[in-house]
Amino acid sequence: MNTPENTSKTTSAPAEKTDAQWREELTPEEYRVLRQAGTERPYTGEYWDTHTEGVYQCRACGSQLFTSKEKFDSHCGWPSFWAPLAEGTVRYLHDRTMGMDRVEVRCANCDSHLGHVFEGEGYGTPTDQRFCINSISLRLVNPEES
């Protein structure tokens, strides 16, 4: 995993939009989570317990971020992945809000907030990481559509 000081780079041009454009394109709840680093309530999102095969894209810009192959049941109330789709699809930032020291995960293409990544929780995944991602930050598409 890249450290917050060593953020990933994307191979395509980043999505640059004004705040007004984001507000126009996203629902109020999507905007709150994706652009203002909000969090959806646990066990309420569309993908927290789905096992459908596919690719998870950024809901804001459509970049491919995760696949169902790396998704696992962590029982935390949000979709959990043990790794992103590929190096450079997400970037990492220190997050010291809410009295915690965490690592925030953002889309490398449009800088939208996705969730957080945690390490060393003992889930037994290949990376020992849990990417805890808001459902509303994602869109699941069939592998043939991606």
Side-chain angles (χ1 to χ4, degrees), residues 1-4 6-12 14-15 17 21-146:
M1 175 175 78
N2 288 329
T3 63
N6 181 21
T7 58
S8 299
K9 293 180 181 174
T10 181
T11 56
S12 60
K17 296 181 183 182
Q21 288 172 308
W22 285 121
R23 286 183 186 272
E24 187 176 306
E25 291 179 20
L26 302 171
T27 68
E29 183 63 7
E30 289 170 346
Y31 181 85
R32 185 184 73 78
V33 173
L34 289 158
R35 305 312 302 167
Q36 297 180 316
T39 301
E40 65 191 358
R41 290 187 340 260
Y43 304 103
T44 62
E46 182 178 4
Y47 304 122
W48 76 270
D49 67 345
T50 188
H51 296 92
T52 304
E53 278 192 40
V55 175
Y56 290 87
Q57 298 177 338
C58 175
R59 191 174 295 252
C61 72
S63 290
Q64 296 181 356
L65 302 171
F66 301 94
T67 74
S68 56
K69 293 176 184 162
E70 290 81 30
K71 190 171 187 291
F72 71 100
D73 291 326
S74 68
H75 309 287
C76 70
W78 292 276
S80 296
F81 304 86
W82 51 264
L85 174 75
E87 186 71 27
T89 58
V90 298
R91 65 187 206 100
Y92 308 93
L93 301 170
H94 272 125
D95 178 1
R96 292 184 179 93
T97 60
M98 303 179 77
M100 296 182 259
D101 192 10
R102 312 180 279 183
V103 177
E104 179 183 6
V105 179
R106 289 184 171 254
C107 174
N109 187 54
C110 71
D111 200 39
S112 288
H113 172 76
L114 304 172
H116 293 87
V117 61
F118 304 95
E119 290 186 280
E121 296 178 315
Y123 281 105
T125 59
T127 61
D128 198 25
Q129 295 175 328
R130 176 175 59 97
F131 286 77
C132 183
I133 307 298
N134 291 287
S135 287
I136 202 163
S137 297
L138 303 171
R139 178 170 289 113
L140 177 61
V141 297
N142 185 303
E144 289 82 41
E145 295 173 28
S146 58

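Residue numbers count from 1 along this sequence.
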Under 6.0 Å between ring centres, would you say that holds for Tyr31 and Trp22?
no

Other residues, nucleotides and ligands only: do more than 12 of their heavy atoms fall within 6.0 Å of CD on Glu24?
no

How about Glu53: does its CD atom have over 12 heavy atoms from other parts shown lying under 6.0 Å from it?
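Incorrect, the count does not exceed 12.
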
Could you measure the distance from the [atom1] atom of [X] to the [atom2] atom of [Y]? Nearest 0.5 Å is fine.
| X | Y | atom1 | atom2 | answer |
| --- | --- | --- | --- | --- |
| Lys71 | Ile133 | NZ | CD1 | 11.5 Å |
| Trp78 | Thr44 | CH2 | OG1 | 8.5 Å |
| Ser80 | Tyr47 | OG | OH | 15.5 Å |
| Asp111 | Lys17 | CG | NZ | 13.5 Å |
| Phe131 | Glu119 | CZ | CD | 8.0 Å |
| Arg59 | Cys107 | CZ | SG | 13.5 Å |

Ring geometry between His116 and His113 (parallel below 30°, tilted from 30 to 60°, perpendicular above 60°)
perpendicular

Please state whether the rings of Phe81 and Phe66 are parallel, tilted or perpendicular, taking 30° and 60° as the class boundaries.
parallel

Between [X] and [Y], is any pair of side-chain heavy atoms under 4.5 Å apart?
| X | Y | value |
| --- | --- | --- |
| Glu46 | Leu140 | no |
| Glu70 | Thr125 | no |
| Gln64 | Val141 | no |

Side-chain donor-acceptor contact under 3.5 Å, Ser112 with Arg35
yes

Look at the side chain of [X] and the backbone N and O of [Y], then say whether any donor-acceptor pair between them is shorter than 3.5 Å.
| X | Y | result |
| --- | --- | --- |
| Ser68 | Gly54 | yes |
| Trp82 | Gly124 | no |
| Asp95 | Glu104 | no |
| Glu40 | Ser135 | yes |
| Arg130 | Phe118 | no |
| Asp101 | Arg96 | no |
| Arg32 | Thr39 | yes |

Check [X] against [Y] and note the closest heavy-atom contact, atom names and distance.
| X | Y | result |
| --- | --- | --- |
| Gln57 | Leu65 | C-CD1, 4.1 Å |
| Tyr123 | Ser74 | OH-O, 3.2 Å |
| Thr127 | Ala83 | CG2-CB, 4.4 Å |
| Tyr56 | Thr67 | CD1-C, 4.1 Å |
| Gly122 | Asp128 | N-OD1, 3.4 Å |

Test log, rule side-chain contact (heavy atoms from CB on, under 4.5 Å), inputs Ile136 and Glu30:
CA-CA 6 Å; Ile136 202 163; Glu30 289 170 346; 3.6 Å; yes

Per side-chain contact (heavy atoms from CB on, under 4.5 Å), Ser63 is matched among Asn109, Thr89, Leu85 by Asn109

